[in-house]
Amino acid sequence: MKLVLFCLCLVTTASYVAAAILGLDYGQQYTKAVLLAPGINFEMVLTDEGKRKDLSGISLRADKNDIERVYGSQTGSLCTRFPQSCILDIKPLLGKSIDDPTAKAYLTTHHGVKFVADETRNNAIKFDLGFDNQTYVFTVEEVLAMGLNEIKSRALDDLEANPAAATIAEDVVIAVPPYANQATRQAYLDALHLADFSNPLGLVDEGSTVAVNYLSNRKLEKADYNDAKEYHIVYDMGAGSTKATLFSFSAFKNGSLVLELEGIGYDEEFGGKLLSNSIYAVILEKFLIHFNLEEADVTPKIAARIAETAEKAKIILSANSEYHASLESIYDDRDFKTSITRGEFEEINSDLMGRITEPILSSLKDSGVTLDNVKSIILNGGSTRVPFIQKHLSTLVGEDRISKSVNTDESCALGSALKGLKLKTSFEKPGEIKVIEKNYNNYEYSINDESIVVFAKGSGINEKSRVNLGKLNDTVAINLYENGFLFKSYNVEDLLSKAKKLSCNSKETKEIVATFKLDNSKLFDLNKLEIECVSHEDKKGFLGNFLKKQVATEEEEEDIVESVDESNNSSSTNKTEKVVTKRAKKPITIVVPKATYPHIKPLNRTAKERLSAKLSYLNARDEQKIQMDQLRNVLEAKCYDLRNFVDDKETALLEEVSDDVISEHTKFVSETIEWLEFDSDDASVKDIEDKIKDLSDRKSKLEDIILMSETDLSISGIKKLYEDGSKIVMTIQSHMLEFGSQISEIRQKYENASFDFDKENNRIKLHLLSKGEDKMMSFDRNLAEYKKDVTTVGDLIDLPEEEFNKIPRSELYEYQNKLAKGIIEMLADILSIETSHNERIKMFNTKYDQLLKRREIKELRKKLKEEQAAAKEAKEVVEGDEEEEGGIIEEDDEEFSSVPVETATPSSETEPEPEVEEKADGDIEHDEL
Ligand SMILES: *[C@@H]1O[C@H](CO)[C@@H](O)[C@H](O)[C@H]1NC(C)=O
Ligand SMILES: *[C@@H]1O[C@H](CO)[C@@H](O)[C@H](O)[C@H]1NC(C)=O
Ligand SMILES: *[C@@H]1O[C@H](CO)[C@@H](O)[C@H](O)[C@H]1NC(C)=O
Ligand SMILES: *[C@@H]1O[C@H](CO)[C@@H](O)[C@H](O)[C@H]1NC(C)=O
Ligand SMILES: *[C@@H]1O[C@H](CO)[C@@H](O)[C@H](O)[C@H]1NC(C)=O
Ligand SMILES: *[C@@H]1O[C@H](CO)[C@@H](O)[C@H](O)[C@H]1NC(C)=O
């Protein structure tokens with residue numbers, strides 16, 4: 001990978017972006033996604049099989065009461081076995097109605113697929129896959145959303161695997177064909193919404209993304225910084241269409257880099273699929289002749305298999321001169337073998353040659369650039385690998401101008417992520433490429449019959465334009481057009497009553513002003529509507545002035561005369577700028593009403609909510625299925641584990657239990673395996689979990705039996721255990737005695753100093769309890785229990801030997817096991833009791849020292865006060881008028897006063913001591929909490 005100059009710049013920029021950006025190239029045939037996040041540097045989002053691209057498609061089939069969704073390449077042979085359940089190639093259907101020629105053409109090449117018209121949306125396309133449940137009829141947006149959502153979940157997995165990265169992937173950019181119309185662009189955005197991307201950064205044109213990727217890979221020499229425009233064309237031939245994008249690149253001497261989109265040409269129907277279809281036709285004809293059949297005899301399954309073969313042939317013929325196909329049991333259990341040569345392939349497509357180069361020529365048409373000025377044709381898209389395509393392009397521009405410098409499969413996705421970064425960060429850094437996008441259509445509005453261009457072909461994007469629509473009427477109908485094609489209307493009503501709030505003076509009229517927007521995704525829309533007071537002053541030209549005069553009232557005439565006086569440059573004859581408007585009062589904003597659509601309607605809000613809920617439901621079901629599969633795997637593993645355990649330990653087990661007990665377990669295992677395989681289709685999660693638990697219990701029971709067989713259960717063995725157990729009781733008792741005497745010593749110490757031991761004892765207990773360190777209470781309980789176990793075992797060994805021998809081994813093992821475990825627990829308890837006791841002693845001692853210190857301070861203070869009082873008395877004898885001061889000191893004389901001592905004793909000599917007290921006080925309080 002060449003990472004030079006620009007790439008390096010962009011990499012550093014990436015680290016400024018906290019979020020993750022996903023760049024998507026959703027092709028008609030293959031989809032690629034690139035992830036960009038801190039720690040993840042333009043990486044392809046791989047499929048579950050580790051592939052860098054995935055088939056754009058989904059198989060949706062009934063699965064018991066549910067639907068089974070299989071994505072992309074994982075559909076495997078599902079699409080040839082169940083063509084009616086497989087949705088492929090939806091890209092050209094986005095934003096199209098069922099009556100569109102594209103939709104009709106789709107059905108002729110996608111056998112078995114059924115459309116239904118969505119009448120609520122002016123015949124938008126829905127896929128009917130034959131589910132009984134009418135909820136499972138899918139809009140094109142939904143199908144795309146499912147695919148995109150699956151990519152999102154894979155991207156999230158990648159992010160999760162990378163601790164440095166953000167864990168959200170909401171910022172997304174998707175590449176769309178430059179010719180995508182308004183309805184198509186809306187469909188993309190709606191699909192992103194349904195796919196649960198909360199922050200689409202925008203739609204970007206496919207050619208533009210490749211151009212950006214091309215330049216980011218290019219190493220610039222010093223000589224390239226020459227202020228000259230350099231022209232290139234991205235020639236992108238995908239499965240469904242071919243696009244040529246003319247762009248210029250300028251490297252300025254001052255270091256600025258500018259990429260400007262200049263023009264496009266395209267053929268919406270010429271692509272790799274057309275080539276495959278031509279092979280399909282050839283093979284089909286041979287097939288029909290071979291079996292002597294009519295076209296009507298071709299079932300969707302046969303058609304799907306031939307189509308698959310044709311696709312393979314196209315790829316093989318890119319590298320080889322001949323392809324041999326063999327279709328086994330294709331008809332009537334008979335095989336069909338055929339072959340096709342590259343010569344044949346080129347022959348049948350000879351009529352397409354003109355369509356190969358046409359997009360290039362039309363991209364130059366309005367640009368003023370000639371083909372000679374184009375430095376290179378940059379190939380992109382899988383279909384440019386077909387030899388005769390390259391050959392034909394070479395005849396147009398010469399082989400030396402054919403550039404293979406971008407990755408034909410991945411450059412669009414890479415460029416999308418790059419564009420996403422630019423849209424996200426929106427600032428241009430030095431050394432970074434500035435991209436100037438272009439609008440390739442005319443966007444117009446009309447309110448009467450005449451339509452007026454708001455954003456002309458060749459203008460920039462992400463722009464707004466404020467247009468005065470004229471004098472206010474009660475209603476206005478605003479129509480929006482793309483290249484003369486009406487796609488959206490707004491009927492605004494009741495304007496006069498809404499305008500009442502606005503008071504204009506007599507020289508002004510109320511007029512309606514619209515703000516139109518062409519956004520980053522090239523969606524044209526009415527953005528804002530306002531009513532404002534306008535006074536007409538014509539500063540330009542005679543004609544405008546004349547027209548205004550005709551409608552002007554007498555008062556207004558004066559106004560206009562004034563304005564004529566002002567305009568000293570009346571030589572200007574620019575008549576297009578008729579009226580200069582001057583705003584008077586603050587305009588009022590009118591809520592833009594719901595739009596109406598003469599053609600396909602986008603999904604409305606309620607529909608989107610409903611579809612989102614449906615997709616979440618399906619996702620949740622899929623999650624459940626995955627969980628279920630995992631559980632089934634666990635259950636299966638448990639079965640084999642138990643079976644192996646029994647096999648391995650059979651001899652040891654047989655020493656303790658009968659054959660029947662063992663075979664009951666093995667029988668259970670066999671039954672469970674059989675159930676899992678044949679009868680568990682309707683099983684619930686709980687059913688499986690119960691069986692898993694059952695198996696675990698059985699295993700631990702058997703493990704116990706093994707342990708029992710390894711345990712010395714003879715009378716002498718048990719006696720030994722009893723002795724160990726009794727020793728521990730003694731150890732504990734001596735520990736307790738020692739603890740007790742230590743505590744009595746402390747009590748004595750406290751009492752000698754006349755401190756309140758019980759109060760302190762309670763505090764410390766509470767404190768240890770709150771820290772969970774007072775093990776004493778639970779210990780008492782455990783000890784009582786333990787002593788009982790020791791006594792029970794003691795009683796056993798006191799039995800006469802023949803009685804003892806009558807006790808079943810399993811019963812003996814139970815007592816033995818209980819005591820053995822008890823010993824281990826007791827040892828652990830003694831340790832923790834000791835720790836807790838030591839802690840307690842330490843706290844008593846610390847507190848004792850603190851109490852002592854406190855007492856000292858108190859005495860010191862008392863002494864000081866007495867001295868002061870003595871001094872005061874002496875003073876009083878002299879002056880006799882300072883009682884109040886003495887009073888203040890008196891008030892502060894409280895035991896354990898929390899008031900800082902300084903305020904009471906301003907004497908500097910005593911300062912160090914109060915500080916000590918303060919600190920100590922704080923510590924204790926903290927501890928005691
Ligand atoms: C929204 O769309 C749905 C489905 O297309 C349609 O049934 C419904 O009438 C629409 N609702 C509104 C308010 O337009
Ligand atoms: C159709 O499917 C939806 C979602 O799975 C479900 O809620 C609904 O009950 C189903 N309707 C019928 C008639 O089965
Ligand atoms: C460099 O020069 C170009 C062309 O004159 C100009 O458009 C650009 O803004 C300049 N860049 C800087 C950083 O001055
Ligand atoms: C208001 O009505 C007049 C007369 O029909 C028309 O010429 C004018 O364009 C209308 N204004 C708007 C904003 O529709
Ligand atoms: C006359 O024109 C000049 C330059 O075009 C401008 O600066 C000046 O303000 C104008 N005078 C009036 C009265 O509009
Ligand atoms: C009139 O002015 C506009 C904007 O100032 C300009 O784009 C247009 O070319 C001018 N037209 C003529 C005929 O001078």
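Both ligands and their constituent atoms are indexed starting at 1 by order of listing.
Nearest non-hydrogen protein atom to atom 6 (C) of ligand 2 is Asn133 ND2, 4.1 Å. Shortest contact from atom 12 (C) of ligand 4 to any protein heavy atom: Asn473 ND2, 3.4 Å. Distance from atom 13 (C) of ligand 1 to its nearest protein heavy atom, with residue and atom name: Asn604 ND2, 4.2 Å. Nearest to atom 7 (O) of ligand 1 among the protein's heavy atoms is Thr120 CG2, 3.7 Å.
Of all the heavy atoms of Glu511, none lies under 4.0 Å from any atom of ligand 4, so neither backbone nor side chain is involved. Neither the backbone nor the side chain of Leu603 comes within 4.0 Å of ligand 1, counting heavy atoms alone.
Protein heavy atoms are found less than 4.0 angstrom from atom 2 (O) of ligand 1. Within a 4.0 Å radius of atom 9 (O) of ligand 2, the protein has no heavy atom.
Distances below 4.0 Å separate heavy atoms of Tyr136 from the following atoms of ligand 2: 2 (O), 4 (C), 5 (O). Those atoms of ligand 4 with a heavy atom of Val476 less than 4.0 angstrom away are 14 (O). Of all atoms in ligand 4, numbered sequentially from 1 with element shown, those under 4.0 Å from a heavy atom of Ile512 are 13 (C). Of all atoms in ligand 1, numbered sequentially from 1 with element shown, those under 4.0 Å from a heavy atom of Arg121 are 5 (O).
Annotation: cation-pi pair Lys91/Tyr26 absent, no NZ/CZ under 6.0 Å from the ring centroid and within 45° of its normal.
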Stepwise side chain to side chain donor-acceptor pair (under 3.5 Å) check, Asn123 with Asp118:
CA-CA 5 Å; Asn123 286 354; Asp118 186 347; over 6 Å; no
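Proximity of the aromatic rings of Phe487 and Tyr597 is defined here by a centroid distance below 6.0 angstrom, and this criterion is not met. Checked against the 6.0 Å centroid criterion, the rings of Tyr481 and Tyr443 do not qualify as a close aromatic pair. Checked against a 6.0 Å centroid threshold, the rings of Tyr179 and Tyr266 count as neighbours.
The shortest N/O to N/O separation between Asn448 and ligand 4 falls below 3.5 Å.
Crowding of Asp682 atom CG: a count of heavy atoms from other residues, nucleotides or ligands under 6.0 Å not exceeding 12.
Side-chain atoms of Ser56 and Thr31 form a donor-acceptor pair, as typed in the model, at a separation below 3.5 Å. Using modelled atom types, one finds no donor on one side chain facing an acceptor on the other under 3.5 Å when comparing Glu508 with Ser535.
Salt-bridge formation is detected for the pair Asp205/Lys522: a Lys NZ or Arg NE/NH1/NH2 atom is positioned less than 4.0 Å from an Asp or Glu carboxylate oxygen.
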